Structures are given as C-alpha cells and as structure tokens.
*Asks:* 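Pasting a structure below so you can have a look.
None of the values given here were measured: they were computed from a predicted structure. Per chain, numbering begins at 1; letters A, B, ... match sequence-line order. Any value given below was found using the heavy atoms of this structure, including those in side chains, with hydrogens, waters and symmetry copies removed.
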Number of protein chains: 2
Amino acid sequence: MTTRPFHHGNLRAVLLEQAEGMLRTVGSDGLSLRELARQAGVSHGAPRSHFIDRQALLDALAEQGFDRLTRAVRSAVDGAESARVGFDRVAQAYVDFAIEDAALMELMFAAKTGARPGAVQEAAGRLFGALDDVMGPSGPTMADGARDTFKLLFGATMQGIAALVASGRIARAQGDVLVTAAMAMLLDSELGREVVTRH
Amino acid sequence: MTTRPFHHGNLRAVLLEQAEGMLRTVGSDGLSLRELARQAGVSHGAPRSHFIDRQALLDALAEQGFDRLTRAVRSAVDGAESARVGFDRVAQAYVDFAIEDAALMELMFAAKTGARPGAVQEAAGRLFGALDDVMGPSGPTMADGARDTFKLLFGATMQGIAALVASGRIARAQGDVLVTAAMAMLLDSELGREVVTRH
DNA sequence: ACCTGAACACCGTTCAAGT
DNA sequence: ACCTGAACACCGTTCAAGT
C-alpha cells in the first residue's frame, strides 16, 4: 500500500480537474486552493509546487478552457458539408460550451487587471486559428483584415449571447433564436459573403 | 467639529462610490468590505447596516451600473437625426462604458451562481427599454419578437466586442473597427431593415 | 436606526524542514 | 522535485453592546 494514493507526479492535473468542477458549482469567487488541496488529500501548501499563486491556477484553467473549446470547434467543423453548416454547428458548440461552463468562460474572457501570461494568450490564439478552418480558403481579392474582422465578430457575438443566457437574462430557447438570427446576419452580410467561401 | 465627518446617513452611497473606484483598480476579486470601511473611516462592521453581505454590495454595484449605462444610452440617443446615427452613437457609448468599467460590466453580466435579486434584473430591464427609443415606433407588420431579437443581438454583440478589448485580446482601435462592421451588419440585415424605422 | 469592537472560521502566501 | 505543517496577515460574517 502507499500513503500517496494516486497523486504521484500528477497532482497538477488532479487539481485542475477538480477545480474545473468546483468552478461549475461555486463559481470562481468560491474556488479555494485550500479546499482543493483538502479534496485531493494533500496538505494546503502542496498546490504551491504546481501553481505559484491562486491567479496562476485560474490562468491555467483559462488556458485549458481555450484548448477544450478549440477541440469542440474542430469537432463541430469535421464532416460539415458546407461552410454554412459548419458555422451553424460551430456556433451551437460555442454557445453550448459557454453556457455549460459559464464561470470558466468568464475566466477566459475576463478583463485583465494585471498582465496575462503568454500561455493563455497563445491558447486563445489557437481557438482563433481553428475558426479559419471553418471559413475555407482565403480568396485572392480579399481585403486585408476582413477575415479577422469576421472571425472576431463571430466570436464576440456568440460570447455575448451566451453571457445573456448564463446570467439568466434570457431563456436558453431565446438564446437559440439569437444564434440563428446572428448566423443569418453574419453569413448574409456583405462581409460574410466576401469572406466565407465554399469548400 | 464632529467625529463622524461626512458619512451621516449616507454611508451607503459613500461605500458604493468608493467601491466603484476600487473595482477599476483592483477588480471585483480584490474588492474588500473591510478595506472599504477603512477608507470610509468606519468600523469593519459598519457596512453590514447597509449591505447584508459582500454579494449584496456587488449586486448594488451591478444595479447602479445598469442605471448609469442606461443614462449614457439615453444621452447618446438625444439629438440623433436618424435611427442609424442614433445606433452608431449608442454603440460607441456602450463599448466605451464596457471598456472604461470592464470589471463593473462583468459584474452586470456575470453568470448567476445563486439567484439574482429583482432590483438588478429590473435595472437590466430599464437598459433594455432604453434601446426601444433608438429604434423608433414599431411598424404595423412587424413580426412578434423581432424587435426584441434585434435589441438583444445588438447588446450581445457590443458586450462581446468590449470583452475582447477589455481582456487585452484585441486593441482598442480594432474594437472600433468591429463596432463599425457590426453596426453595418445589423442595420443592413433583413431583420434590421424590418425593425429599425426612421424617426 | 446605525455604528462599534470582539470573536470565529476561513483564506492565500511564505518558508524552513522533511523525503 | 515534491510535499508537510507552522506562522502570518488578511478576510467575511456574526452578534452583543453602545448611542
């Protein structure tokens, strides 16, 4: 038998997994390092070996969140027969994620009081990059930055809709209506028709 | 002379004003009731007479924020010669507010872990109502809910753009580009042309 | 009605010490 | 390299007591 049951070299991963669950139940305000350590069966000082402070844990959670959302986006794109269907599925995956893990989403897009570490920004960049795959190849006459504008507008709109649902301001069903309306608006716009090519 | 310099019957207002400033510098995580009491020159138990707990103070801040944003929206609409100009000005005011007071904006649209008190939801409703004034009178052939869909989409998009800027993901200038693109998209869309009448 | 101040449980962070 | 456990300063909340 061993006095260190499972967390032998993987305490960091265990803490992150537990923290993600705790985030869903008590929110980021209620997330406590000491409680996390207790649940993991280690001393309250143990997390220090993996996260320099509480903010470092929150940043790691945000980074992990971006990577998970990126995977969800990629998987939504896979097998979509057109850019239009791909975008509709990505939009739904995006909003689903943001509602299911509202506190995590807030962490990912939180206003930076201090400077954000590079790892989080890079993970955000990977999400941004995944959206390229939905848009198809870049056209020859495409204006500089038009694709970026479209991608950012897409992300901003989905995140805004999800925030309305997560805050209880509107019902989930109305959120779906907004997603449909937003996608029609985005894809049928001049910018959308210029930028989203078929594939 | 008096031992209670200024806070005599208005401690609540003083605490709220200080808290709003504190929110800008340290964020909502760093907002401490005891520090607030210290700055106001009262004992650490004094805030309890006005806010039952920390969450009650945060809710009061959110409510106050909605009312201030509502005033900003109303003032942006005043004197606008057309719905189009009105919406452009409202959009700018909205994003300005959200960037200047990013932490407050997060509080206003935060995911509800517990139930939100009615006062906050009502203040949010007043903001929503102010947007009606920008849209002009409702047309006779207008589909049910189309106006609501448009208003919500407008708010969601602006909030999403502001979150991208506030989180340092994009620069302020790029945020302005997104606002312009979003307004063109919204107003030129089928929904927009149906819903925004001239006045 | 509003504020004081002691008391309590909890927290994040630091750090010397162990393995 | 990773974890323990004491120590410290700080916090939210409660509550009897004062005015």
*Asks:* Using a 4.0 Å heavy-atom cut-off, does A:Ser49 contact any base of the nucleic acid, only the sugar-phosphate backbone, or nothing at all?
*Replies:*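 Base, at least one base atom sits under 4.0 Å.
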*Asks:* Side-chain N or O of B:Ser43 versus OP1/OP2 of C:dG5: is the shortest distance under 4.0 Å?
*Replies:*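 Checking C:dG5 against B:Ser43, no side-chain N or O comes under 4.0 Å of OP1 or OP2.
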*Asks:* Expressed as a whole number of angstroms, how long is the span from B:Ile52:CD1 to D:dT13:C1'?
*Replies:*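 Those two atoms, CD1 and C1', are 9 Å apart.
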*Asks:* Starting from P on D:dC10, measure out to CZ on B:Arg54 and report it in whole angstrom.
*Replies:*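 So the CZ-P distance, B:Arg54 to D:dC10, works out to 17 Å.
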*Asks:* If only side-chain N and O atoms count, and only distance matters, is there a donor-acceptor pair under 3.5 Å linking B:Asp88 with B:Gln92?
*Replies:*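 There is no such pair (donor and acceptor under 3.5 Å, judged by atom type) between the side chains of B:Gln92 and B:Asp88.
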*Asks:* On DNA chain C, nearest-nucleotide positions of A:Arg38 versus A:Gly45: which is more 5'?
*Replies:*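 Of the two residues, A:Arg38 wins.
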*Asks:* Would the A:Phe87 and A:Tyr94 ring centres measure less than 6.0 Å apart?
*Replies:*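 No.
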*Asks:* Grab the CG-P distance between B:Asp29 and C:dT13 for me, whole Å please.
*Replies:*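 Interatomic distance, CG of B:Asp29 to P of C:dT13: 11 Å.
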*Asks:* Quick one: is A:Arg34 getting a side-chain N or O under 4.0 Å of the C:dC10 phosphate, OP1 or OP2?
*Replies:*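 No, because none of the side-chain N or O atoms of A:Arg34 sits under 4.0 Å from OP1 or OP2 of C:dC10.
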*Asks:* For A:Leu33 and C:dG12, give me the distance from atom CG to atom P, rounded to whole Å.
*Replies:*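 For the pair A:Leu33 CG and C:dG12 P, the rounded distance is 5 Å.
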*Asks:* Starting at atom CZ of B:Arg48, determine the distance to atom P of C:dA6, rounded to an integer number of angstrom.
*Replies:*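 B:Arg48 atom CZ is separated from C:dA6 atom P by 18 Å.
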*Asks:* Among A:Leu16, A:Leu61, A:Leu36, A:Leu58, which residue meets the side-chain contact (heavy atoms from CB on, under 4.5 Å) test with A:Phe51?
*Replies:*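 Exactly one option meets the side-chain contact (heavy atoms from CB on, under 4.5 Å) with A:Phe51, and it is A:Leu16.
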*Asks:* Round to the nearest Å and state the distance from A:Phe51 atom CZ to C:dT13 atom P.
*Replies:*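 Nearest whole value for this atom pair: 13 Å.
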*Asks:* OP1 or OP2 of D:dC3 sitting under 4.0 Å from any side-chain N/O of A:His50?
*Replies:*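 A:His50 to D:dC3 OP1/OP2: side-chain N or O found under 4.0 Å.
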*Asks:* Could you check whether the side chain of B:His44 and the base of C:dA6 have a donor-acceptor pair of N or O atoms closer than 3.5 Å, going by distance alone?
*Replies:*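 Check passes, donor-acceptor contact within cut-off.
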*Asks:* Applying the Watson-Crick and G-U wobble criteria at under 3.5 Å, what pairs with D:dA16? Answer none if nothing qualifies.
*Replies:*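 For D:dA16, the partner nucleotide comes out as C:dT4, under the 3.5 Å rule.
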*Asks:* Of the nucleotides D:dG5, D:dC11, C:dC3, which has the atom closest to the B:Glu35 side chain?
*Replies:*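 The answer is D:dC11.
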*Asks:* Looking for any heavy atom pair under 4.0 Å, which part of the strands does B:Arg12 touch: base, sugar-phosphate only, or nothing?
*Replies:*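 No contact.
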*Asks:* Output the rounded distance in Å from CG (A:Leu57) to C1' (C:dC11).
*Replies:*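 My rounded result for the distance is 14 Å.
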*Asks:* Taking B:Lys151 first and then B:Asp132, would you say they form a salt bridge - that is, a charged N and a carboxylate O separated by under 4.0 Å?
*Replies:*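 B:Asp132 and B:Lys151: salt-bridged.
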*Asks:* Searching all strands shown, indicate the nucleotide that pairs with C:dC11 (Watson-Crick or G-U wobble; both distances under 3.5 Å).
*Replies:*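 C:dC11 is unpaired by these criteria.
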*Asks:* Hey, what do you get for CG (A:Leu178) to CD (A:Gln174), rounding to the nearest 0.5 Å?
*Replies:*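 Here the rounded value is 6.0 Å.
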